[in-house]
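This report refers to the structure that appears directly beneath it.
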Amino acid sequence: MDIDDLAKGIIAGERRALARAITLVESGRADHRAAAADLLAKLPTDRQALRIGLSGTPGVGKSTFIESFGMMLTGQGKRVAVLAVDPSSARSGGSILGDKTRMDRLSREPRAFIRPSPSQTHLGGVARRSREAVRLCEAAGFDVVLIETVGVGQSETVVAEMSDAFVLLLAPAGGDELQGVKRGIMEIADLIVINKADGDLKSAAARTRADYAGALRLLRKRPQDPEGFPRATAVSALEENGLEETWASLQELTDWRRAQGFWDRTRAAQARYWFEQDVKHRLLAQLETPQAKDDLARLSDAVAEGARDPAEAAAEFVSRLRAD
């Protein structure tokens, strides 16, 4: 793989080059990691897309919403990239990666790019290398990058560390309207979208939206929010109603944050966060060396037999790790 040619292909907006580059950055092989770092260093840093994180419980209609929302944006002439993360099996490690089949229309759209990735063992709703994939999409000239999380609940806050706006999708009449007063994922949401506001659920969606709007007023005011945010809205991804209003709200929010300096400060804080995370991952990787595994197994056996104190054994292991 020629890194210079790959970089040129990405800068030119070639989808095939972008797909190959994401595969490279997702690889855990040492030589691939070095090549990925070389590739990222060759890409421009002045291209910025609007990064939108999306989360919601399974069955809320994330794929339908993303497809309808993405089709609306491509219809306006924008280039849209979708980075979807599917949960991996704890037993086999495999993932179905079925997002392309669920977004049939968007996957055929020339202005769109859809990339499903496995979550593997990474917690927080996103894949470990999703941030680098976002960077590649920006270098390829995409205007909007949608980052869809696994969708399992209140712990999916990592996506906020790589997005400019965070959208939480909820279903009407889900029985959890009072969740709005809880911390966690509700605290980082910029826009709460009640999906499936159509048919028999239309009135229920309106009530749910009102419940969440009231709950949001109970949360502490955040400095990065203009007046009226975070806000709740209702849409029908199936009937494509309310999508333009959702886009207008996101533009209003991000335009204000740019003007007030929050956009740049947030991106700088995110870069610092991912630097610290990468340092931690590299330190943890030292535990996987043959010598470290042998020392860990020997000391673990001694602790299990009662011959060594756990704290004392841990201190010895760390000191040996530093010496190596």
Side-chain angles (χ1 to χ4, degrees), residues 3 6-7 10-11 18 21-28 30 32-55 79-85 113 115 117 119-120 122-150 155-167 185 187-191 222-225 229 250-251 253-286:
I3 298 301
L6 193 59
I10 293 171
I11 294 171
L18 177 58
I22 294 177
T23 300
L24 179 66
V25 301
E26 288 181 342
S27 174
H32 286 177
R33 294 303 310 146
D38 186 24
L39 173 63
L40 291 168
K42 295 179 183 297
L43 297 177
T45 58
D46 58 340
R47 295 183 176 182
Q48 288 191 343
L50 174 57
R51 307 170 183 175
I52 303 174
L54 294 111
S55 187
R79 297 186 68 208
V80 179
V82 179
L83 301 176
V85 181
F113 174 83
R115 173 69 181 218
S117 298
S119 63
Q120 297 176 328
H122 192 65
L123 300 179
V126 295
R128 180 181 169 187
R129 299 298 174 184
S130 291
R131 177 188 60 88
E132 294 173 351
V134 170
R135 169 85 189 284
L136 292 170
C137 291
E138 288 186 322
F142 284 91
D143 303 301
V144 180
V145 180
L146 301 173
I147 312 160
E148 180 195 359
T149 71
V150 168
S155 66
E156 294 194 344
T157 56
V158 176
V159 70
E161 299 295 344
M162 65 178 73
S163 57
D164 302 310
F166 180 65
V167 176
I185 200 169
E187 200 171 35
I188 64 171
D190 296 308
L191 194 64
R222 304 180 307 185
Q224 71 269 30
D225 292 333
F229 284 89
L250 289 169
Q251 286 183 304
L253 174 65
T254 53
D255 287 347
W256 185 87
R257 286 178 175 173
R258 283 180 187 271
Q260 299 298 319
F262 286 106
W263 175 286
D264 292 332
R265 288 201 293 273
T266 299
R267 290 231 170 167
Q270 290 173 349
R272 185 189 300 273
Y273 170 86
W274 288 108
F275 160 71
E276 294 173 353
Q277 290 299 307
D278 207 40
V279 170
K280 292 176 182 178
H281 282 299
R282 289 175 185 272
L283 290 173
L284 288 173
Q286 295 183 23

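With sequence neighbours excluded, the residues satisfying salt bridge (charged side-chain N to carboxylate O under 4.0 Å, His left out) with Arg267 are Glu138, Asp164. A search for salt bridge (charged side-chain N to carboxylate O under 4.0 Å, His left out) contacts involving Arg135 returns nothing, not counting sequence neighbours. Residues passing the salt bridge (charged side-chain N to carboxylate O under 4.0 Å, His left out) test with Asp190 are Arg222, Arg257, sequence neighbours excluded.
Within the model, atoms CD1 of Ile147 and CE of Met162 stand 6.0 Å from one another, a figure rounded to the nearest 0.5 Å. The CZ atom of Phe262 sits 11.0 Å away from atom CG of Leu253, with the distance rounded to the nearest 0.5 Å. Annotation: the span from Leu54 atom CG to Phe166 atom CZ amounts to 8.0 Å, rounded to 0.5 Å. With rounding to the nearest 0.5 angstrom, the CD1 atom of Ile22 is 4.0 Å from the CZ atom of Phe113. The CG atom of Leu250 sits 7.5 Å away from the CZ atom of Phe229 when rounded to the nearest 0.5 Å. A distance of 12.5 Å separates CD in Glu26 from NE2 in His32, rounded to the nearest 0.5 Å.
Checking Arg115 against Ser130 by side-chain atom types alone, no donor-acceptor pair falls below 3.5 Å.
No donor-acceptor distance shorter than 3.5 angstrom exists from the side chain of Glu161 to the backbone of Trp274, with no hydrogens or angles considered. No donor-acceptor pair closer than 3.5 Å links the side chain of Arg258 to the backbone N or O of Trp263.
For Arg265, the CZ atom is densely surrounded, since the number of other residues' heavy atoms within 6.0 Å is greater than 12.
Across all their heavy atoms, Ile188 and Ala160 have their closest contact at CD1-CB, 3.8 Å.
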